[in-house]
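All residue numbers refer to positions in the sequence shown, counting from 1.
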Amino acid sequence: MAVISILLLAGLWSAVGASSLAVVTCGSVVKLLNTRHNVRLHSHDVRYGSGSGQQSVTGVTSVDDSNSYWRIRGKTATVCERGTPIRCGQPIRLTHVNTGRNLHSHHFTSPLSGNQEVSAFGEEGEGDYLDDWTVLCNGPYWVRDGEVRFKHSSTEVLLSVTGEQYGRPISGQKEVHGMAQPSQNNYWKAMEGIFMKPSELLKAEAHHVEL
């Protein structure tokens, strides 16, 4: 009986340890792919000509565009230590690496679809509470090979792409906006990037379960 218990605990440790290598963590810099429309979340120093007039957020098909990198951080006025696994249901900020502005939404109308505008806001990574997005996923943590949704913590819209395409000066880029209803247009997946090694949190939780 003791041998069986030891084998079961070893198996549990192995499973948790393996999964810890695949979790998405604070401090990671990633590209996010909309799996329905095959575009990566993107921003650049181009402002909307209507609505808020803030920095625009779009979707691009290019894999190599450096303007598609976003840093994963804790929600407004909090610090999420580098390497801390992101839990399903946790609010976070996504900071655009090249411009230092945060993924943001508010009650403005998006220019093409008439949904809710999504913009990039703030300076040097600091904006306001409208920069917070809740990660919706299955299981305890956001895993690298899993699809997730991002729900705006204040207005409760879901980060979405429905295929509307801009003309000049950003021809071919897709509109990114917020939608009230869940659908296949809301799913995202972590792709290319620099993934911070998970902290000791998962190992500590595995040890707690074993006890």
Side-chain angles (χ1 to χ4, degrees), residues 19-20 22-37 39-43 52 54-55 57-59 68-97 101-108 110 113 115-122 125-162 175-191 193 195-196 198-199 201-202 205:
S19 67
S20 73
V23 297
V24 178
T25 58
C26 283
S28 295
V29 174
V30 302
K31 293 183 178 181
L32 295 168
L33 176 73
N34 182 279
T35 57
R36 172 70 175 81
H37 294 275
V39 293
R40 284 161 173 77
L41 188 68
H42 178 272
S43 192
S52 69
Q54 292 175 4
Q55 182 170 302
V57 173
T58 63
S68 299
Y69 283 114
W70 300 82
R71 185 180 305 279
I72 301 169
R73 303 169 64 211
K75 70 177 183 178
T76 302
T78 69
V79 175
C80 186
E81 296 293 339
R82 186 173 67 179
T84 302
I86 302 296
R87 293 181 179 274
C88 296
Q90 177 178 337
I92 63 168
R93 280 175 293 174
L94 292 168
T95 301
H96 188 243
V97 171
R101 296 191 171 101
N102 299 322
L103 189 70
H104 182 93
S105 194
H106 39 214
H107 291 297
F108 286 93
S110 64
S113 66
N115 289 300
Q116 185 165 304
E117 182 189 277
V118 170
S119 64
F121 174 75
E126 298 309 316
D128 62 25
Y129 69 97
L130 293 173
D131 301 338
D132 295 341
W133 298 79
T134 300
V135 180
L136 304 180
C137 49
N138 295 318
Y141 298 102
W142 176 6
V143 295
R144 287 175 57 176
D145 61 354
E147 294 183 338
V148 300
R149 288 184 168 112
F150 298 103
K151 184 176 183 179
H152 192 241
S153 299
S154 295
T155 66
E156 299 190 340
V157 295
L158 296 161
L159 186 69
S160 305
V161 177
T162 50
E175 182 184 82
V176 173
H177 49 250
M179 296 184 69
Q181 299 300 322
S183 72
Q184 291 298 314
N185 298 309
N186 321 132
Y187 280 113
W188 300 84
K189 185 176 181 180
M191 299 298 287
F195 291 86
M196 294 295 108
S199 66
L201 176 63
L202 289 182
E205 288 188 353

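Scanning all heavy atoms of the two residues, the minimum distance from V23 to P198 falls at CG2-CG, 3.7 Å. Closest non-hydrogen pair, V118 versus W133, comes out as CG2-CH2, 4.2 Å. Minimum heavy-atom separation, Q90 to C80: NE2-SG, 4.1 Å. Closest of all the heavy-atom pairs between Q116 and S105 is NE2-OG, 2.9 Å.
A side-chain contact (heavy atoms from CB on, under 4.5 Å) with L103 is found for exactly one of D131, V176, L159, namely L159. With F150 as the fixed residue, the side-chain contact (heavy atoms from CB on, under 4.5 Å) test singles out one of T134, I92, L158: I92.
In this structure, CG in N34 is found 7.5 Å from OG in S160, a value given to the nearest 0.5 Å. To the nearest 0.5 Å, atom NE2 of residue H104 and atom CG of residue D132 are 10.5 Å apart. Going from atom CZ of R82 over to atom CZ of R73 covers 14.0 Å, rounded to the nearest 0.5 Å. Here NE2 of H177 is found 4.0 Å from OG of S113. Values are rounded to the nearest 0.5 Å. Taken to the nearest 0.5 Å, the SG atom of C137 stands 8.5 Å off from the CH2 atom of W142. Between the NZ atom in K31 and the CH2 atom in W70 there is a gap of 12.5 Å [rounded to 0.5 Å].
Cation-pi geometry between R149 and Y187 is met: the NZ or CZ atom falls under 6.0 Å from the ring centre, inside 45° of the normal.
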Verdict with supporting geometry, Q184 and R36, side-chain hydrogen bond (donor to acceptor under 3.5 Å, both in side chains): CA-CA 6 Å; Q184 291 298 314; R36 172 70 175 81; over 6 Å; no

Using side-chain hydrogen bond (donor to acceptor under 3.5 Å, both in side chains), reason through N102 and T95 one step at a time and then give a plain yes or no. CA-CA 4 Å; N102 299 322; T95 301; 2.5 Å; yes

Can T35 and E147 be said to form a side-chain hydrogen bond (donor to acceptor under 3.5 Å, both in side chains), step by step? CA-CA 8 Å; T35 57; E147 294 183 338; 3.1 Å; yes

Trace of the side-chain hydrogen bond (donor to acceptor under 3.5 Å, both in side chains) decision for T58 with E175: CA-CA 5 Å; T58 63; E175 182 184 82; over 6 Å; no

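C26 places a side-chain heavy atom less than 4.5 Å from the side chain of I86. Here the side chains of K151 and V157 are not in contact, with every heavy-atom distance at 4.5 Å or above. Considering only heavy atoms from C-beta on, V57 comes within 4.5 Å of L41 through its side chain. Contact of the S52 side chain with the H106 side chain is registered, since non-hydrogen atoms from C-beta on lie closer than 4.5 Å. In this structure, the side chains of R144 and K189 stay at 4.5 Å or more apart for every pair of heavy atoms. Counting heavy atoms from C-beta outward, S153 and K75 have side chains that stay 4.5 Å or more apart. Side chains of V24 and V143 form no contact here, defined as non-hydrogen atoms less than 4.5 Å apart. Side-chain contact between F121 and D128: present, with at least one pair of heavy atoms (C-beta onward) separated by less than 4.5 Å.
For H42, the ring pair (Phe, Tyr, Trp, His ring centres under 6.0 Å) test picks out H44, with sequence neighbours left out. Shown here are the ring pair (Phe, Tyr, Trp, His ring centres under 6.0 Å) partners of Y129, two or more places apart in sequence or in another chain: there are none. Not counting sequence neighbours, the partners of R93 by the salt bridge (charged side-chain N to carboxylate O under 4.0 Å, His left out) test are E126.
Sparse packing is recorded around CG of N138, with 12 or fewer heavy atoms of other residues, nucleotides or ligands lying under 6.0 Å away.
Judged purely by atom type and a 3.5 angstrom limit, T155 has no side-chain atom pairing as donor or acceptor with the backbone of H152. The main-chain N or O of N115 is found under 3.5 Å from a side-chain atom of S110 such that the two form a donor-acceptor pair. Side chain of H96 to main chain of R101: no donor-acceptor pair is present (N/O by atom type, distance under 3.5 Å, no hydrogens or angles).
For the residue pair Q55 and S119, no side-chain donor N or O sits within less than 3.5 Å of a side-chain acceptor on the partner.
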